[in-house]
Amino acid sequence: SITPKQLQAVWRSKEKIYDGKRDALVSVEPLGILINDEVTVSGTGTFSDDKVEENKSISIKVTTAGKDSQNYSIEAEAATTGTIRPKMLTITGVKAVDRVLSDSLLVDLDGSQAKLLGVVSKDQNKVGFSLNSGTIQNPDIGQNKPVQTAIALNGEAAGNYQLTQPSLRVNILSQESNKKQVDKPQQPARKADQQAGKIQATTKKTESSKLLKAGEISDQIMVWTGLGTVGLVGALVWLKRKFYR
């Protein structure tokens, strides 16, 4: 009898980015296959869990294929280690709030419209963030000053992600310029009031003109009506004198 030849295998894994799944990509280097024999060895790897970690254990189910595979034997299960790296997230909708000149390097951040992008669907309710405060290099007055942020992830699944900090800009204003900005929104309101006054005055003038024209027309009707009455009476007197003497 001829018994199958026992194969040895060296298993390796490739690092993966966290995706919420346990599957592992593994490769193998089989040892002991004879030249010209058609045998392939492959395996399906599975991490012990889906969390981010280095040198995690991976279990492998081994399979062989090829026309000469029956001449070889290999363990049906194997093991190796692998690494799951954090997935990078971005955040949108964060704004640095303009402020007046002071000695502080801190800048308030507005996150009322903030959203995390790239979170795996299963973790949508397991990852949040804390805005904290932004910082600037110096407190001097200036426009579009770069803001350094330290927005932190939190939540049950936060350890599986890393956040790319947003690029923000802020304006540091003097007391005078800040006062102008506060007063500025009132100017359109005053302008609107002035325009409304002009429109109201024009409307009154137009209505007065219409009333005046209506009065003139009424007077003309009365004059012509009077003249018509006098003419009719005169004609009747003339006819009486001519035919009824």
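Small disclaimer: the values here were computed from a predicted structure and weren't measured.
- At least one side-chain heavy atom of T80 sits under 4.5 Å from a side-chain heavy atom of I60.
- Between Q165 and I151 the shortest side-chain heavy-atom distance falls below 4.5 Å.
- Side chain of D68 to backbone of V39: no donor-acceptor contact under 3.5 angstrom is found.
- With respect to the salt-bridge test (charged N to carboxylate O, under 4.0 angstrom), the residues K67 and D37 do not qualify.
- A side-chain donor-acceptor contact under 3.5 Å links K145 to the backbone of D140.
- When all heavy atoms of L89 and V127 are compared, the pair lying nearest together is CD1-CG1, 4.5 Å.
- Here the closest non-hydrogen pair linking Q6 and E75 is NE2-N, 4.0 Å.
- Of the possible polar contacts, none joining the T164 side chain to the T90 backbone as a donor-acceptor pair under 3.5 Å is found.
- Counting only distance, with no hydrogens or angles, the side chain of Q124 and the backbone of V119 share a donor-acceptor pair below 3.5 Å.
- Taking the ring pair (Phe, Tyr, Trp, His ring centres under 6.0 Å) definition, one finds that Y161 meets it with Y18, sequence neighbours left out.
- K5 places a side-chain N or O within 3.5 Å of a backbone atom of G32 that can act as its donor or acceptor partner.
- The shortest side-chain heavy-atom distance between K56 and D49 falls under the 4.5 Å cut-off.
- Put simply, the side chain of P86 does not reach to within 4.5 Å of the side chain of N160, judged on heavy atoms.
- No donor-acceptor distance shorter than 3.5 angstrom exists from the side chain of T40 to the backbone of G66, with no hydrogens or angles considered.
- Partner of D50 under the salt bridge (Lys or Arg N to Asp or Glu O under 4.0 Å) criterion, out of R22, K21, K122: K122 alone.
- At least one donor-acceptor pair closer than 3.5 Å links the side chain of D98 to the backbone N or O of N171.
- S104 places a side-chain N or O within 3.5 Å of a backbone atom of L106 that can act as its donor or acceptor partner.
- Using modelled atom types, no side-chain atom of K14 and backbone atom of A24 make a donor-acceptor pair closer than 3.5 Å.
- Remark: side-chain polar atoms of K16 are not paired, donor with acceptor, to backbone N or O of L25 under 3.5 angstrom.
- No side-chain heavy atom of K115 sits under 4.5 Å from any side-chain heavy atom of I91.
- Other residues sharing the hydrophobic cluster of L31, ordered by chain and number and joined by side-chain separations under 4.5 Å: V10.
- For the pair L117/T92, a side-chain contact is recorded, criterion being any heavy-atom separation below 4.5 Å from C-beta on.
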